[in-house]
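So the structure is just underneath, and the comments pick up after that.
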Amino acid sequence: MSRAKTKTRAGSREDERQAAALLQSRRPRWQSRERLVGTFMALPSLIPLVLFALLPVAYVVFLSFTRYNGVTSPQWIGLDNYQLMFKDQSWWQAVLITLVFAVGQIVIGLPLSLLLATVLNSGIKGMGLFRGLFFLPYVISIAIIGIVFYFLLRPDNGVINGILQALNLISTDVDWLGSQGTALASLVLVGVWSNFGINMVFFLVALQTVSKDLLESAQLDGANAIQRFRHVSLPLLAPITRVVVVLSIVFSLRSFDLVKTLTDGGPAGQTDVMYTYLFDYFFGTDRGSQYGYASALAVVASIIAAVVSLVYMTVSRDRAAREQTAIAKKGKR
């Protein structure tokens, strides 16, 4: 009897092994079928991406190697457009203005957003009202903001000049958009005003996730409000700060609406950014219908925006990794 039971158990184990082997042999087939079905189901959603994103980008890249005026057939000229771009001083001035605009957005906008988020997070009365008021500029169209501030800043009957003269801060009208310095400063400040609301919301949400236990522990250790913010809250805001900086970089490097409606690149092209400059080669009255050269500028502008964003993300990620390593070493000690 014992031998029969042993043989029965051995047979059942062998059957289980064969069943498991058969199941494993069939599983890849099922998985491949599921992947194939999933791919076919995803194809319809990829069609708009291909038609309205990838194909236009590929066509712009193709046009960048041609001479094309929108009427005749494109003529292949190789790298001539890119060689002309490297010699175009006005283009590189527009690139520099774009970078200055981006730096101004980050240097002024981020501290302002963080300050307002900290004030709102302190529990003041009417926090919801102030949060809505500060966020309101972000939901307004950038083009509308540019038009409104154009009328506010114009030298004749401008509201800004009227207020400053009423306060006896200036004696004559100032043409805020008539020189490169004041026009660029106006662009930066208006850009900060239009975007600080969304950055403030990001920082406010991050501040509300900071553990109150950590803040109370730091307070019990004798840390004042500034020390608690610097040594507890601020390090925990590093991930959201990286996101906000990347978004600010992308917004600044792709800026077009605000510059076009507020200064239109003036005076004399001294506040042109990358996309307003290449826009003139697409549709401008003086430089227009040079689609090949404009496409080359668009390709390079996209590459510059991508490279700047990737460099910042890489540097910030490496810095965060070094800080975590240093914290881990201190903990071991």
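Values below: all heavy atoms of this structure, side chains included; hydrogens, waters and symmetry mates excluded.
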Main-chain N/O of Val119 paired to Ser122 side chain as donor or acceptor, under 3.5 Å: yes
Is it the case that atom OH in Tyr82 sees more than 12 heavy atoms from other parts of the structure closer than 6.0 Å? yes
For residues Val107 and Ile249: do they belong to one hydrophobic cluster (side chain heavy atoms under 4.5 Å, members Ile, Leu, Val, Met, Phe, Trp, Tyr)? no
Spell out, as yes or no, whether a donor-acceptor pair under 3.5 Å connects the side chain of Asp88 to the backbone of Ser90. yes
Got a second to check how far Asn157's CG is from Leu152's CG, nearest 0.5 Å? 12.5 Å
Just one of Ile303, Leu253, Val250 clears the side chain to side chain contact (heavy atoms under 4.5 Å, CB included) bar with Val308, so which one? Leu253
Taking Asn161 for the side chain and Val174 for the main chain, is one N or O donor matched with an acceptor at less than 3.5 Å? yes
Ignoring hydrogens, what is the shortest heavy-atom contact between Ala117 and Phe203? Give both atom names and the distance. CB-CB, 3.6 Å
Identify whether Val210 and Val205 are in the same connected component of the hydrophobic contact network (ILVMFWY, side-chain heavy atoms under 4.5 Å). no
Hey, is the main chain of Gly292 close enough, under 3.5 Å, to the side chain of Ser64 for a donor-acceptor pair? no
Same cluster or not: are Phe196 and Val243 linked, directly or through other Ile, Leu, Val, Met, Phe, Trp or Tyr residues, by side-chain heavy atoms under 4.5 angstrom apart? yes
Would the number of heavy atoms belonging to other residues, nucleotides or ligands and lying under 6.0 Å from CD1 of Ile226 be above 12? no
Go through the steps for Lys260 and Asp280 under the test salt bridge (charged side-chain N to carboxylate O under 4.0 Å, His left out), then give the verdict. CA-CA 11 Å; Lys260 192 65 179 176; Asp280 289 339; 3.7 Å; yes
Counting N and O atoms only, with roles assigned by atom type, does the side chain of Thr182 sit under 3.5 Å from a partner on the main chain of Trp176, one being a donor and the other an acceptor? yes
State, to 0.1 Å, how close Gly104 and Val192 come at their nearest heavy-atom pair, and which atoms those are. O-CG2, 4.2 Å
Could you give the distance from OH (Tyr277) to CE (Met274), rounded to the nearest 0.5 Å? 13.0 Å
Where the side chain of Gln208 meets the backbone of Asn121, is there a donor-acceptor pair that is under 3.5 Å apart? no
Check for a donor-acceptor pair, side chain of Gln290 on one end and backbone N or O of Tyr281 on the other, with a separation under 3.5 Å. no
In Å, rounded to the nearest 0.5 Å, how long is the span from CG of Asp175 to CG of Leu177? 6.5 Å
Verify the cluster assignment for Phe62 and Leu84: are they in a single hydrophobic cluster under the rule of side-chain heavy atoms below 4.5 Å apart? yes
Output for pair (Ile108 CD1, Ser248 OG), nearest 0.5 Å, gives 12.0 Å
Closest non-hydrogen atom pair, Gly146 against Leu258: CA-CD1, 4.0 Å
Can you check whether Tyr68's main-chain N or O pairs, donor with acceptor, with Thr66's side chain at less than 3.5 Å? no
Can you see whether Asp173 engages Gln165 through a side-chain donor-acceptor pair at a distance of less than 3.5 angstrom? yes
Find the distance between OG1 (Thr271) and CD (Gln93) and round it off to the nearest 0.5 Å. 9.5 Å
Heavy atoms only: give me the nearest Ile97-Asp272 pair and the separation to one decimal. CB-O, 3.5 Å
For Ile240 and Ala206, the nearest pair of non-hydrogen atoms, with its separation, is CG2-CB, 3.6 Å
Over 12 foreign heavy atoms within 6.0 Å of CE, Met85: yes
Is the ring pair Trp76/Phe65 parallel, tilted or perpendicular, if the boundaries are 30 and 60 degrees? parallel
Are Tyr138 and Phe134 close enough that their ring centers fall under 6.0 Å? no
Arg254 atom CZ, neighbour heavy-atom count above 12 within 6.0 Å: no
Could you verify whether a donor N or O on one side chain and an acceptor N or O on the other, from Tyr150 and Asp264, lie under 3.5 Å apart? no
Any idea how Phe101 and Phe251 line up, ring-wise: parallel (<30°), tilted (30 to 60°), or perpendicular (>60°)? tilted
With a 6.0 Å cut-off on the ring centroids, do Trp193 and Phe149 count as close? yes
Is the shortest side-chain heavy-atom distance between Leu114 and Leu237 below 4.5 Å? yes
How many angstroms lie between CD in Gln219 and CD in Glu216, if you round to the nearest 0.5 Å? 7.5 Å
Where do Ser252 and Thr98 land on the side-chain contact (heavy atoms from CB on, under 4.5 Å) test, with the steps shown first? CA-CA 7 Å; Ser252 302; Thr98 306; 6.0 Å; no
Angle class for the Tyr291/Phe283 ring planes (parallel below 30°, perpendicular above 60°, tilted otherwise)? perpendicular
Over all atoms of both residues, closest heavy-atom pair of Pro137 and Ile145: O-CD1, 3.6 Å
Test of understanding: clusters of I, L, V, M, F, W, Y form through side-chain heavy atoms closer than 4.5 Å, transitively. Do Val307 and Leu310 belong to the same one? no
Starting from the C-alpha separation in whole Å, work towards a yes-or-no answer on side-chain contact (heavy atoms from CB on, under 4.5 Å) for Thr276 and Thr263. CA-CA 10 Å; Thr276 57; Thr263 65; over 6 Å; no
Is any side-chain heavy atom of Leu184 closer than 4.5 Å to a side-chain heavy atom of Gln270? no
Worked verdict on Ser113 versus Phe202 for side-chain contact (heavy atoms from CB on, under 4.5 Å): CA-CA 9 Å; Ser113 302; Phe202 285 141; over 6 Å; no
I would like to know whether Tyr293 and Leu297 meet side-chain contact (heavy atoms from CB on, under 4.5 Å); could you show each step before the answer? CA-CA 6 Å; Tyr293 185 57; Leu297 296 179; 3.8 Å; yes
Main-chain N/O of Thr72 paired with Asn69 side-chain donor or acceptor, under 3.5 Å: yes
Can you check whether Gln75's main-chain N or O pairs, donor with acceptor, with Arg67's side chain at less than 3.5 Å? no
